[in-house]
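Below you'll find the structure, written out as structure tokens, and then a few comments.
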2 protein chains.
Amino acid sequence: MDHVEKIIGHAEQQCKAHGVRLTVKRKQVLAGLIQSDKALSAYEIVDFCTRHYGQTMPAMSVYRILEFLEHEHLVHKLSLANKYVACAHISCGHAHAVPQFLICRQCSKVKEISIQPATIAELRQSVNEAGFKLVTTQLEMNCLCEGCIAQAA
Amino acid sequence: MDHVEKIIGHAEQQCKAHGVRLTVKRKQVLAGLIQSDKALSAYEIVDFCTRHYGQTMPAMSVYRILEFLEHEHLVHKLSLANKYVACAHISCGHAHAVPQFLICRQCSKVKEISIQPATIAELRQSVNEAGFKLVTTQLEMNCLCEGCIAQAA
DNA sequence: ACGACAAATGATATGTTGTAACATGCTACA
DNA sequence: TGTAGCATGTTACAACATATCATTTGTCGT
Ligand SMILES: [Zn+2]
Ligand SMILES: [Zn+2]
Ligand SMILES: [Zn+2]
Ligand SMILES: [Zn+2]
């Protein structure tokens, strides 16, 4: 049982606990994202599934499935990059806090982190002073990953 | 001379100083964004211009013009919302720092702020600890504006 | 003023991303 | 086994964005 399957197993447990089904197609999409180990656009997922599972995966299905997976917190949508990434904490057990995402501009690798609550509080404070209210503390930041930094040097 | 024209005047000065031209079409797009006082999608700008200036504005032109205006720091592209907003500091004179944007989910109003350097430093520190490097400190945050908060209450 | 060059815009086509609407198939449960 | 609800298939189209080449307009040296 490899790494990906183990995560899928956890995801399946989670879904069962919520009274929803992780169907074959949904597993395919999630597994694709996990295997890729980076953020993919919806159509990249279409291509991935079509190539790996021997039948064309309609874009419509991918969007529907992504919506489902996001709702189950198994996948995160990254608006900054218009891509989708598997949650990094599917196997952790603990319910995960609102995440922040570091997105490599170069290669779409994503790190899902939790910034210091104090820092978040300062951010929220700045927002409040401007008369706005934060709707979510999910942040997305344009970054370069370790690999791409090394490559650039 | 109204508020919008005054800002346009400043923009024109700025362009002249950079040896580039703020043409009629470019002024129309910029004025549209300023008047709207919120972020607009490229096609909303197309509609605005077509309605207000009596001839159809091709989408292609809008994209080209937005690219120009962004390059001149007169307009900012908001990836989080897939929209464009006029810079809030065109008339300020001082060269503006890397901004952070508070975007109202409800009505697309945008506040362009400058978060405490100390907070930014903490963010950068978190990113470095994760092995990534920030490419830009421009942040975009999902918010509700004053008006929409009041309305919701 | 004239011609040459570069910048800006027009026009058309096409690529990419995302949703609407309705048909069909599958699963769980009475 | 019927049936109700969920999931997927199919088709069409809307919204967002870029590529390419033609035409117009502004700039500058002569
Ligand atoms: Zn997560
Ligand atoms: Zn990278
Ligand atoms: Zn600005
Ligand atoms: Zn608002």
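In the text below, chain A, chain B and the rest are named by the order of the sequence lines, each starting its count at 1.
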Checking the side chain of B/E140 only, and the main-chain atoms of B/S79 only, is there a donor and an acceptor separated by less than 3.5 Å?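 Looks like yes, one N/O pair under 3.5 Å.
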
For B/M57, does its backbone N or O pair with a side-chain atom of B/S61 as donor and acceptor, under 3.5 Å?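 Side chain of B/S61 to backbone of B/M57, a donor-acceptor pair under 3.5 Å: no, none is there.
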
Taking the inter-plane angle between the rings of A/Y63 and A/Y84 on a 0 to 90° scale, is it parallel (under 30°), tilted (30 to 60°) or perpendicular (over 60°)?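 Perpendicular.
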
In whole Å, what is the span from the [atom1] atom of [X] to the [atom2] atom of [N]?
X: B/L69; N: C/dT9; atom1: CG; atom2: C1'; value: 14 Å
X: A/Y84; N: C/dT16; atom1: OH; atom2: C1'; value: 13 Å
X: B/L40; N: D/dC16; atom1: CG; atom2: C1'; value: 15 Å
X: B/K27; N: C/dA8; atom1: NZ; atom2: C1'; value: 15 Å
X: A/L30; N: D/dA7; atom1: CG; atom2: C1'; value: 17 Å
X: A/K16; N: C/dA28; atom1: NZ; atom2: P; value: 10 Å
X: A/K83; N: C/dT17; atom1: NZ; atom2: C1'; value: 11 Å

Contact residues, residues 42-67 of chain A to DNA chain C [heavy atom, < 4.0 Å]: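 The answer is A/Y43, A/M60, A/Y63, A/R64.
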
Is atom NE2 of B/H71 surrounded by more than 12 heavy atoms (other residues, nucleotides or ligands) closer than 6.0 Å?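 At most 12 heavy atoms, drawn from other residues, nucleotides or ligands, come within 6.0 Å of this atom.
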
Please determine which of A/Q151, A/K109, A/Q106 meets the side chain to side chain contact (heavy atoms under 4.5 Å, CB included) test together with A/L144.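 That would be A/Q106.
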
Salt-bridged, B/K27 to B/E12, with N to O below 4.0 Å?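 Salt bridge: yes.
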
Is A/E44 salt-bridged to A/K83, cutoff N-O under 4.0 Å?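 Yes, A/E44 and A/K83 are salt-bridged.
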
Side-chain N,O ([X]) to OP1/OP2 ([N]) below 4.0 Å:
X: A/S41; N: C/dT16; value: no
X: B/K77; N: D/dA17; value: yes
X: A/K25; N: D/dG9; value: yes

Given DNA chain D, 5'-ward residue of the pair B/R21 and B/N82, judged by closest heavy atom: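 Nearest nucleotide further toward 5': that of B/N82.
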
